[in-house]
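If you read the sequence from its start, that first residue is 1, and numbering goes on from there. Just so we're clear, the structure is a prediction, and the values are computed from it rather than from any experiment. Basis for what follows: all heavy atoms, side chains included, without hydrogens, waters or symmetry-related copies.
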Amino acid sequence: MVDAKRGWKEVFLVILSVWVISFVAFIINHIFNGLLNHYGLLPRHVTHLSNIVVYPFIHGSWTHLFFNLSSFTLLALGVGVNGVARLLNVILLCWLLGSISVWLFGRISYHVGLSGIIYGIWGYLLIYGLVLRSLLSLIITFLVMIYFSSMIWGVFPMNYQVSFESHLFGAIAGGFVGYFLGKKDAAKLNCRFDEQP
């Protein structure tokens with residue numbers, strides 16, 4: 001019981017850290033009239049490749065910030081059921097794979113915001129549950145499908161001011177991560193069942 005409580009505290013600490021960094025970045029950007037916008041991810045510009053580290057924390061408005069953080073929190077809790085290590089792995093893999101894809105194939109425009117990682121977690125939760133097929137993972141997948149069903153429209157180029165590339169490549173990256181980790185976890189479960197007398 002103590003370990004479970006500690007695990008959830010670590011998950012909440014990761015989520016809180018994302019909130020704090022995003023808020024600090026937004027306030028600095030607001031005070032200095034959009035100074036941080038130039039740290040967005042600019043596809044195929046080598047000098048901006050290092051911006052992969054910072055661009056998810058840059059947001060254009062309060063609405064953009066709160067919408068992303070609230071969605072991130074709910075989806076991250078779904079991953080956090082499997083512990084903080086899994087949450088960090090999913091975030092980092094979706095962040096890296098999605099960002100590199102945007103840098104390679106995205107429009108020549110500054111891409112900012114947490115939405116690429118959010119779509120990565122979303123894609124992960126959808127695929128992971130279908131691959132693992134445990135009761136808990138399927139329940140989480142079902143809830144994500146219902147509550148976040150409107151996110152599917154974000155992967156299409158419907159609004160030029162929105163980085164659909166971040167959404168699309170984030171979701172694809174999350175789907176791949178969900179598939180491989182789901183297969184890995186399913187194999188572990190099968191081994192445990194096989195070992196039972």
Side-chain angles (χ1 to χ4, degrees), residues 14-15 17-22 24-26 29 34-60 64-65 67-69 71-76 78-80 82-131 144 148 151-185:
V14 170
I15 295 172
S17 298
V18 172
W19 275 75
V20 170
I21 295 170
S22 298
V24 170
F26 183 83
N29 205 28
L35 176 68
L36 298 183
N37 291 340
H38 294 290
Y39 290 93
L41 187 62
L42 192 60
R44 293 174 297 286
H45 283 64
V46 177
T47 55
H48 285 75
L49 187 57
S50 60
N51 290 358
I52 284 176
V53 176
V54 296
Y55 88 97
F57 304 107
I58 303 170
H59 293 83
H64 187 204
L65 177 68
F67 181 80
N68 274 358
L69 287 176
S71 299
F72 171 79
T73 299
L74 293 174
L75 291 167
V79 182
N82 289 322
V84 69
R86 174 58 56 87
L87 176 59
L88 287 172
N89 285 334
V90 170
I91 290 173
L92 292 174
L93 286 171
C94 292
W95 186 349
L96 180 63
L97 296 175
S99 298
I100 290 175
S101 298
V102 171
W103 188 82
L104 288 172
F105 305 111
R107 287 168 294 159
I108 302 298
S109 177
Y110 285 103
H111 298 260
V112 297
L114 199 60
S115 57
I117 295 173
I118 292 168
Y119 268 83
I121 300 173
W122 175 71
Y124 165 85
L125 288 172
L126 291 177
I127 301 302
Y128 179 80
L130 296 175
V131 173
V144 169
F148 293 97
M151 285 181 64
I152 187 64
W153 301 113
V155 303
F156 299 106
M158 302 176 69
N159 184 344
Y160 186 76
Q161 295 181 330
V162 174
S163 175
F164 80 92
E165 297 97 328
S166 293
H167 301 172
L168 176 62
F169 292 123
I172 292 172
F176 275 116
V177 174
Y179 177 81
F180 287 111
L181 292 182
K183 283 288 189 182
K184 180 180 177 182
D185 290 350

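Atom CG of residue L75 and atom CD1 of residue I91 lie 10.5 Å apart, to the nearest 0.5 angstrom. To the nearest 0.5 Å, atoms CZ (R86) and CG (L181) are separated by 4.5 Å. How far CD1 of I15 is from CZ of F72: 6.0 Å, rounded to the nearest 0.5 Å. Taking CD1 of I118 as the reference point, atom CZ of F67 lies at 7.5 Å (rounded to 0.5 Å). Put simply, CG on N29 and CG on L65 are 11.0 Å apart, with the number rounded to the nearest 0.5 Å.
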> Taking it one step at a time, do I52 and W95 satisfy side chain to side chain contact (heavy atoms under 4.5 Å, CB included)?
Replying inline: CA-CA 8 Å; I52 284 176; W95 186 349; 4.0 Å; yes

>> If you apply the rule side chain to side chain contact (heavy atoms under 4.5 Å, CB included), what do you find for V155 with Y119, and how did you get there?
In response: CA-CA 9 Å; V155 303; Y119 268 83; 3.9 Å; yes

>> Go through it in stages, so that I can follow the logic: the residues are W153 and F148, the test is ring pair (Phe, Tyr, Trp, His ring centres under 6.0 Å), and I'd like the CA-CA distance, side-chain angles, deciding distance and then a yes or no.
In response: CA-CA 10 Å; W153 301 113; F148 293 97; over 10 Å; no

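Nearest approach of H59 to G113, heavy atoms of both residues: NE2-CA, 3.8 Å. Heavy-atom minimum distance, G40 versus Y55: CA-CB, 3.9 Å. For the residue pair G174 and C94, the shortest heavy atom distance occurs at CA-SG, 3.6 Å. Residue L42 comes nearest to H48 through the heavy atom pair CB-CG, 3.7 Å, listed as atom of the first residue, atom of the second, then distance. The shortest non-hydrogen separation linking F156 to F164 is O-CB, 3.5 Å. Closest non-hydrogen pair, G154 versus H167, comes out as O-ND1, 2.8 Å.
Of the possible donor and acceptor atoms, one in the side chain of R44 sits under 3.5 Å from a partner among the backbone N and O of G106. Panel note: side chain H45, backbone P43; a donor-acceptor pair is recorded below 3.5 Å. H38 contributes no side-chain N or O that, together with a main-chain N or O of G34, makes up a donor-acceptor pair within less than 3.5 Å. Remark: side-chain polar atoms of E165 are not paired, donor with acceptor, to backbone N or O of F105 under 3.5 angstrom.
Remark: the S71 side chain and the W122 side chain contain no N/O donor-acceptor pair separated by less than 3.5 Å. Of the N and O atoms on the side chains of S109 and Y160, not one donor lies less than 3.5 Å from an acceptor on the other residue. A side-chain donor from one of Y128 and D185 sits under 3.5 Å from a side-chain acceptor of the other.
Atom OH of Y39 is surrounded by 12 or fewer heavy atoms from other residues, nucleotides or ligands within 6.0 Å. Other residues, nucleotides and ligands place no more than 12 heavy atoms under 6.0 Å from the OH atom of Y179.
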